[in-house]
Amino acid sequence: MSDDIEIFLSPSIDEFDVADWDVCAGAPATGRAADPFTTHRFLKALEDSGSVGGRTGWMPRYIGARQNGELIAVAPSYLKGHSQGEYVFDFAWAEAYENAGGDYYPKLQIAVPFTPVTGRRLLVRDGFEEIGQAALIEGAVSVAAQNGLSSVHVTFCTDTEAQAGEQMGLLSRVGQQFHWINRDYASFDAFLSDLSSRKRKNIRKEREAAQEFGGEIVRLTGDTIQPEHWDAFWGFYQDTGSRKWGTPYLTRAFFDHVHDTMRDDVLLVLALRDDKPVAGALNFIGQDTLFGRYWGCTEHHPCLHFELCYYQAIDYAIEHGLARVEAGAQGEHKLARGYLPTPTHSLHWIADAGFRRAVAEYLDAERTAVDHEVEVLTAYGPFKKSQKDDDHD
């Protein structure tokens, strides 16, 4: 690392100037951020709401790099006391490490908490890409080594960052999600016309079934979102969180902070009956991507989940010219609804040389399996493969 670069850690996002952080994150002073999750306002909402910090097991330790007094690179980084809320699972690594007599926790995690969304994790000011990425990676490894931490993990990074990290000696891991890609569709029907007849008919039936819940579906963003809508969504989020994770990761205050500082970045889709929300899906809006995040309901109705989370998102993306919809982690059921398997990337540094070799061997085998699965799932995707698949409905 160049001698004139200073690496530092900060326990609070407030110690960074908003404009300086957002310049590194590629978030313009006005207009839509490409990635809303690495903006100063999103990370501050997590911190100020108590969703991270305290006893959550996510202790902020933001990494910064300065050159000649100018902030050139930052990374959202956390000391982790567990492996929850990451969606790149290393529970088995932790168990093996501790069975061998080591302390896996705390570890250093460069990530957006609770957010399995691909984006830049090594946030570098334009013109400083190579030197900034290297400074952040070398800084993270040095912090871990000097403090006796077991490992460093950079999760849901970009492919470019994964390649840079590999060149610097980090281990690369590949996973998969399901994303919807906009092929310049003029309408939802135009999207359906790309599908096989059977899949097309199934989606139409699901959309019709969803409408039978007995109310209306509305899309809200910006000032059309009111505090009472967050009250309703909090109930949905708690129901889903308690079933999936045991304890919801986000606090109620997080949604208030989002309302105050990010409601223009939010698309809230609600199913209303008698003006009362009975189900909802929360999305964040990027420059070219709609990011599906959370869903929940107080009543269960056939296909309403598919409609609110997947089909309404596709509708919105087409209407607003967005290139893609990322609907979150896991879920092969998304394949039949037009979402295709897409690789995700992460980087890992392991302090212990022997354990690092074992993890490297595991990742090689896992990568082969993931590549095969992506190939198979893509082949079984819902899109037409021949004229035979385009029988009349």
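Hydrogens, waters and symmetry mates are skipped; everything else that's a heavy atom, side chains included, is used.
Not a single donor-acceptor pair under 3.5 Å links the side chain of R204 to the backbone N or O of R200. H229 contributes a side-chain N or O that, together with a main-chain N or O of Q226, makes up a donor-acceptor pair within less than 3.5 Å. Remark: side-chain polar atoms of S49 are paired, donor with acceptor, to backbone N or O of A45 under 3.5 angstrom. At distances below 3.5 Å, not a single donor-acceptor pair connects side-chain atoms of T160 with backbone N or O atoms of T158. Side chain of S77 to backbone of Y62: no donor-acceptor contact under 3.5 angstrom is found. Distance alone, capped at 3.5 Å, is enough to place a donor-acceptor pair between the T56 side chain and the G53 backbone. Listed for the K334 side chain is a donor-acceptor partner under 3.5 Å among the backbone atoms of A327. Looking at E6, its side chain never comes within 3.5 Å of a backbone N or O of R66 through a donor-acceptor pair. The main-chain N or O of R198 is never found under 3.5 Å from a side-chain atom of N202 such that the two would form a donor-acceptor pair. With hydrogens and angles disregarded, no donor-acceptor distance shorter than 3.5 Å links the side chain of Q84 to the backbone of G81.
Using a 4.5 Å heavy-atom cutoff, the side chains of E129 and D126 are in contact. Between D239 and T298 there is no side-chain heavy-atom pair separated by less than 4.5 Å. In this structure, D223 and R263 have side chains that are in contact, with non-hydrogen atoms separated by less than 4.5 Å. Side chains of R121 and T155 form no contact here, defined as non-hydrogen atoms less than 4.5 Å apart. The shortest distance between side-chain heavy atoms of Q177 and P341 does not fall below 4.5 Å. In this structure, L149 and P106 have side chains that are in contact, with non-hydrogen atoms separated by less than 4.5 Å. A 4.5 Å side-chain heavy-atom check between V74 and I63 finds every atom pair outside the cut-off. M168 has its side chain within reach of E138: a pair of non-hydrogen atoms, C-beta onward, lies under 4.5 Å apart.
Put simply, CD on E361 and CG on L171 are 11.0 Å apart, with the number rounded to the nearest 0.5 Å. Atom OH of Y104 sits about 3.5 Å away from atom CG of D90, to the nearest 0.5 Å. K384 NZ to S197 OG: the interatomic distance, rounded to the nearest 0.5 Å, is 9.5 Å. Atom CD in E216 sits 10.0 Å away from atom CD in Q211 (nearest 0.5 Å). The OG atom of S346 sits 15.5 Å away from the OH atom of Y87 when rounded to the nearest 0.5 Å. If you take CG on L340 and CD1 on I181, they are separated by 7.0 Å, rounding to the nearest 0.5 Å.
Checked for salt-bridge contact, E86 and K107 meet the test: a charged N lies under 4.0 Å from a carboxylate O. The pair R183-D194 counts as a salt bridge, with a side-chain nitrogen and a carboxylate oxygen less than 4.0 angstrom apart. Salt bridge absent: D288 and R324 never bring a charged side-chain N and a carboxylate O closer than 4.0 Å. Between D256 and R252 there is a salt bridge, since a side-chain N of the basic residue sits under 4.0 Å from a carboxylate O of the acidic one. Using a 4.0 Å cut-off between charged nitrogen and carboxylate oxygen, R173 and E366 count as a salt-bridge pair. Using a 4.0 Å cut-off between charged nitrogen and carboxylate oxygen, R207 and E307 count as a salt-bridge pair. A salt bridge does not link E299 with K276: every distance from a Lys NZ or Arg NE/NH1/NH2 to an Asp or Glu carboxylate oxygen is 4.0 Å or more. Classification of E70 and R125 as a salt-bridged pair holds, one side-chain N sitting under 4.0 Å from a carboxylate O.
In the hydrophobic cluster analysis, where Ile, Leu, Val, Met, Phe, Trp and Tyr join through side-chain heavy atoms closer than 4.5 angstrom, L347 is grouped apart from F89. A continuous path of Ile, Leu, Val, Met, Phe, Trp and Tyr side chains, each step under 4.5 Å between heavy atoms, connects I110 with I131, placing both in one hydrophobic cluster. The hydrophobic clustering, which links ILVMFWY residues whose side-chain heavy atoms are closer than 4.5 Å, places I203 and F383 together. Residue F178 is not grouped with residue V174 when hydrophobic side chains (ILVMFWY) are merged at heavy-atom distances under 4.5 angstrom, including chains of intermediate members. Hydrophobic clustering (ILVMFWY, side-chain heavy atoms < 4.5 Å, transitive): L363 and W349 are in distinct clusters.
Minimum heavy-atom separation, T261 to R41: O-CD, 3.5 Å. Contact detail for D22 and H40: the closest heavy-atom pair is OD1-N, 2.9 Å. Residue P60 comes nearest to V52 through the heavy atom pair CG-CG2, 4.1 Å, listed as atom of the first residue, atom of the second, then distance. Of all heavy-atom pairs between G132 and I72, the closest is CA-CD1, 4.5 Å. Scanning both residues, D264 and T221, for their nearest heavy atoms gives O-OG1, 4.1 Å. When all heavy atoms of I5 and Q67 are compared, the closest pair comes out as CG1-NE2, 4.1 Å.
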Note to self: Please determine whether side chain to side chain donor-acceptor pair (under 3.5 Å) holds for the pair E326 and Y339, giving the CA-CA distance in whole Å, both sets of side-chain angles, and the decisive distance to 0.1 Å.
What the structure shows: CA-CA 9 Å; E326 296 191 18; Y339 291 72; over 6 Å; no
Note to self: As a quick check of understanding, evaluate side chain to side chain contact (heavy atoms under 4.5 Å, CB included) for C303 and K205, giving each step before the final call.
What the structure shows: CA-CA 9 Å; C303 301; K205 287 179 180 179; over 6 Å; no
Next item on the list: Could you please spell out the steps behind the ring-ring contact (aromatic ring centres under 6.0 Å, His included) verdict for F191 and Y311?
Entry: CA-CA 11 Å; F191 155 62; Y311 303 142; 8.0 Å; no
Margin query: For a side chain to side chain donor-acceptor pair (under 3.5 Å) check, start with the C-alpha distance between Y316 and N283, then their side-chain angles and the critical distance, and finish with the verdict.
Written below: CA-CA 11 Å; Y316 183 91; N283 306 267; over 6 Å; no
Next item on the list: Take D35 and R120 through the salt bridge (charged side-chain N to carboxylate O under 4.0 Å, His left out) test and state the conclusion after the steps.
Entry: CA-CA 8 Å; D35 180 355; R120 289 196 302 139; over 6 Å; no
Next item on the list: Take Y310 and W180 through the test ring-ring contact (aromatic ring centres under 6.0 Å, His included) and record every step on the way to the result.
Entry: CA-CA 9 Å; Y310 307 141; W180 179 83; over 10 Å; no
Next item on the list: Apply the test side chain to side chain donor-acceptor pair (under 3.5 Å) to residues S83 and Y105: give CA-CA distance (whole Å), side-chain angles for both, the deciding distance (0.1 Å), then the verdict.
Entry: CA-CA 9 Å; S83 291; Y105 305 109; 2.7 Å; yes
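Checked against ring pair (Phe, Tyr, Trp, His ring centres under 6.0 Å), F291 has the following partners two or more places apart in sequence or in another chain: F37. In terms of the ring pair (Phe, Tyr, Trp, His ring centres under 6.0 Å) criterion, residue partners of H348 (sequence neighbours excluded) are, by chain and number, W93, H153.
Because its NZ or CZ atom is not both nearer than 6.0 Å to the ring centre of Y78 and within 45° of the ring axis, R61 does not count as a cation-pi partner of that residue.
When ring centroids are compared, F42 and F254 come within the 6.0 Å threshold.
Ring planes of F114 and Y249: parallel class, angle under 30° (limits at 30 and 60°). In this pair, W295 and H305 present their aromatic rings perpendicular. The plane angle is above 60°, beyond the 30 to 60° band. Relative orientation of the F236 and F233 rings is perpendicular, given thresholds of 30° and 60° on the angle between their planes.
E47 and S12 share a side-chain donor-acceptor pair at under 3.5 Å.
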